[in-house]
Amino acid sequence: MSKLTLVAEPGKQEILMTRVFNAPREMVFKAYTDPKHIAQWWGPKGVTITIDQMELRPGGIWRYVEHDAEGQEFAFHGVYHAIRGSEQLVYTFEFEGMPGHVLLETVTFDEQDGQTRMTDKMVFQSVEARDGMLGSGMETGATESMDRLAELVEKA
């Protein structure tokens with residue numbers, strides 16, 4: 001199984017994550033955009049996800065709520081800016097626990113030989129905001145999410 005690669009160059013406002021899935025692009029894209037599938041992989045292990053809102057269209061709003069074992073809730077939301085077939089999603093991302101820290105995320109799905117390379121480019125408003133995200137444990141959560149996504153699409 002492929003591992004998540006995360007690159008955050010010093011002084012830049014972005015994070016670049018890549019992961020190769022042993023599954024066709026259509027399957028990975030569907031798992032990434034279908035609420036019933038998202039609830040199975042999004043977020044770190046040990047949380048459950050409620051898809052509160054999801055309008056998969058330009059201008060559409062999405063909102064996910066994580067529920068942990070202690071009963072705490074953590075919500076995230078954004079707006080879709082572009083959806084290019086099963087090849088690319090562009091949307092904003094904001095953690096409701098830190099309002100005002102909005103990032104722009106561009107996720108591309110490239111298929112070759114039955115495998116899909118997902119590239120996720122996150123652009124933050126500042127280097128400090130990016131570093132704050134990195135310091136929050138985001139890499140661990142992203143790795144767990146991508147591992148769960150891989151399990152979902154690779155067992156099908």
Side-chain angles (χ1 to χ4, degrees), residues 1-9 11-44 49-66 74-96 98-127 129-134 136 138-156:
M1 174 169 40
S2 166
K3 295 293 177 197
L4 179 71
T5 301
L6 185 143
V7 177
E9 294 182 30
K12 290 199 173 183
Q13 293 172 236
E14 59 189 53
I15 296 173
L16 186 66
M17 295 190 314
T18 57
R19 173 80 184 245
V20 176
F21 298 96
N22 190 25
R25 175 176 54 210
E26 293 292 333
M27 186 179 294
V28 177
F29 186 82
K30 183 173 181 172
Y32 213 91
T33 58
D34 183 324
K36 80 174 183 190
H37 295 305
I38 294 166
Q40 296 177 54
W41 67 264
W42 203 86
I49 302 298
T50 301
I51 309 303
D52 185 51
Q53 194 169 5
M54 187 169 180
E55 304 167 58
L56 190 64
R57 61 173 177 77
I61 295 169
W62 66 270
R63 184 172 188 267
Y64 306 160
V65 182
E66 291 182 357
F74 304 93
F76 305 83
H77 70 269
V79 175
Y80 291 102
H81 289 266
I83 300 155
R84 295 184 181 95
S86 61
E87 298 174 10
Q88 187 180 65
L89 296 170
V90 180
Y91 54 89
T92 56
F93 177 99
E94 182 176 7
F95 170 47
E96 292 180 7
M98 294 185 69
H101 294 278
V102 181
L103 63 102
L104 183 67
E105 204 160 347
T106 302
V107 185
T108 57
F109 304 87
D110 298 304
E111 183 175 348
Q112 185 171 9
D113 299 325
Q115 294 188 318
T116 302
R117 178 184 181 89
M118 185 203 72
T119 303
D120 186 346
K121 180 179 180 181
M122 294 168 262
V123 180
F124 295 77
Q125 295 173 335
S126 67
V127 173
R130 190 240 15 212
D131 291 347
M133 178 71 90
L134 287 169
S136 74
M138 163 268 184
E139 185 172 2
T140 300
T143 298
E144 289 178 2
S145 289
M146 293 299 103
D147 287 349
R148 293 171 68 192
L149 178 57
E151 289 172 14
L152 179 66
V153 299
E154 293 175 5
K155 73 179 178 186

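For the numbers below, each heavy atom of this structure counts, side chains included, while hydrogens, waters and symmetry mates do not.
- Not one N or O on the side chain of Gln13 forms a donor-acceptor pair closer than 3.5 Å with the backbone of Arg130.
- Taking 4.5 Å as the limit, every side-chain heavy atom of Asp120 sits out of range of all side-chain heavy atoms of Thr18.
- Note: Leu149 CG to Glu144 CD = 13.5 Å, rounded to the nearest 0.5 Å.
- In this structure, the side chains of Val102 and Phe93 stay at 4.5 Å or more apart for every pair of heavy atoms.
- The backbone N or O of Lys36 sits less than 3.5 Å from a side-chain atom of Gln40, completing a donor-acceptor pair.
- Here the side chains of Glu66 and Thr50 are not in contact, with every heavy-atom distance at 4.5 Å or above.
- Across all non-hydrogen atoms, the minimal contact from Gly11 to Val127 is O-CG2, 3.3 Å.
- Between Ile38 and Asp34 there is no side-chain heavy-atom pair separated by less than 4.5 Å.
- With rounding to the nearest 0.5 angstrom, the CE atom of Met138 is 10.0 Å from the OG atom of Ser145.
- Between the side chains of His77 and Glu96, at least one donor-acceptor pair of N or O atoms lies under 3.5 Å.
- Counting only heavy atoms from C-beta outward, the side chains of Trp62 and Gln53 never approach each other to under 4.5 Å.
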One pair to check against side chain to side chain contact (heavy atoms under 4.5 Å, CB included): His81 and Leu104. What are the steps and the verdict? CA-CA 9 Å; His81 289 266; Leu104 183 67; 4.2 Å; yes
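- Using the six-membered ring where Trp is involved, Phe109 and Phe29 have ring planes that are perpendicular, over 60° apart on the 30 and 60° scheme.
- A donor-acceptor contact shorter than 3.5 Å links the side chain of Thr92 to the backbone of Val79.
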Val123 vs Leu103, test: side chain to side chain contact (heavy atoms under 4.5 Å, CB included). Steps then yes/no. CA-CA 6 Å; Val123 180; Leu103 63 102; over 6 Å; no
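- Note that the OG1 atom of Thr5 and the CE atom of Met146 stand 12.5 Å from one another [nearest 0.5 Å].
- Judged by distance alone, with hydrogens and angles left aside, the side-chain atoms of Gln115 form no donor-acceptor pair with the main-chain N or O of Asn22 at under 3.5 Å.
- Taking 4.0 Å as the cut-off between side-chain N and carboxylate O, Arg57 and Glu55 count as a salt-bridged pair.
- Arg19 has its side chain out of reach of Lys3: every pair of non-hydrogen atoms, C-beta onward, lies at least 4.5 Å apart.
- Taking both residues in full, the closest heavy atoms of Ala39 and Arg148 are given as O-NH2, 4.5 Å, listed atom of the first, atom of the second, then distance.
- One finds the CD1 atom of Ile51 at 12.0 Å from the NE2 atom of His37 (value rounded to the nearest 0.5 Å).
- Contact record, Glu94 with Gly100: OE2-N, 2.6 Å, taken as the closest heavy-atom pair.
- Closest non-hydrogen pair, Ser86 versus Glu26, comes out as OG-OE2, 2.8 Å.
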Candidate pair Val65 and Ile49, rule side chain to side chain contact (heavy atoms under 4.5 Å, CB included), full reasoning: CA-CA 6 Å; Val65 182; Ile49 302 298; over 6 Å; no
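- Each of Phe95, Tyr64, Tyr91 was evaluated against Phe76; a single residue qualifies, Phe95, per the ring pair (Phe, Tyr, Trp, His ring centres under 6.0 Å) test.
- Separating the CG atom in Asp147 from the CG atom in Leu4 is a distance of 8.0 Å, to the nearest 0.5 Å.
- Counting only heavy atoms from C-beta outward, the side chains of Tyr80 and Pro58 never approach each other to under 4.5 Å.
- Summarising the local packing, CZ of Arg117 is surrounded by 12 or fewer heavy atoms from other residues, nucleotides or ligands at distances under 6.0 Å.
- When side chains are defined from C-beta on, Leu6 does not count as touching Leu16, because their heavy atoms never get closer than 4.5 Å.
- Rounding to the nearest 0.5 angstrom, the gap separating the OG1 atom in Thr116 from the CG atom in Asp110 is 8.5 Å.
- A salt bridge is absent between Lys12 and Asp131: the closest approach of a Lys/Arg side-chain nitrogen to an acidic carboxylate oxygen does not fall below 4.0 angstrom.
- Not one N or O on the side chain of Glu14 forms a donor-acceptor pair closer than 3.5 Å with the backbone of Met122.
- Checking Gln88 against Thr108 by side-chain atom types alone, no donor-acceptor pair falls below 3.5 Å.
- Of all non-hydrogen atoms in Ile83 and Leu56, the two that sit nearest each other are CD1-C, 3.4 Å.
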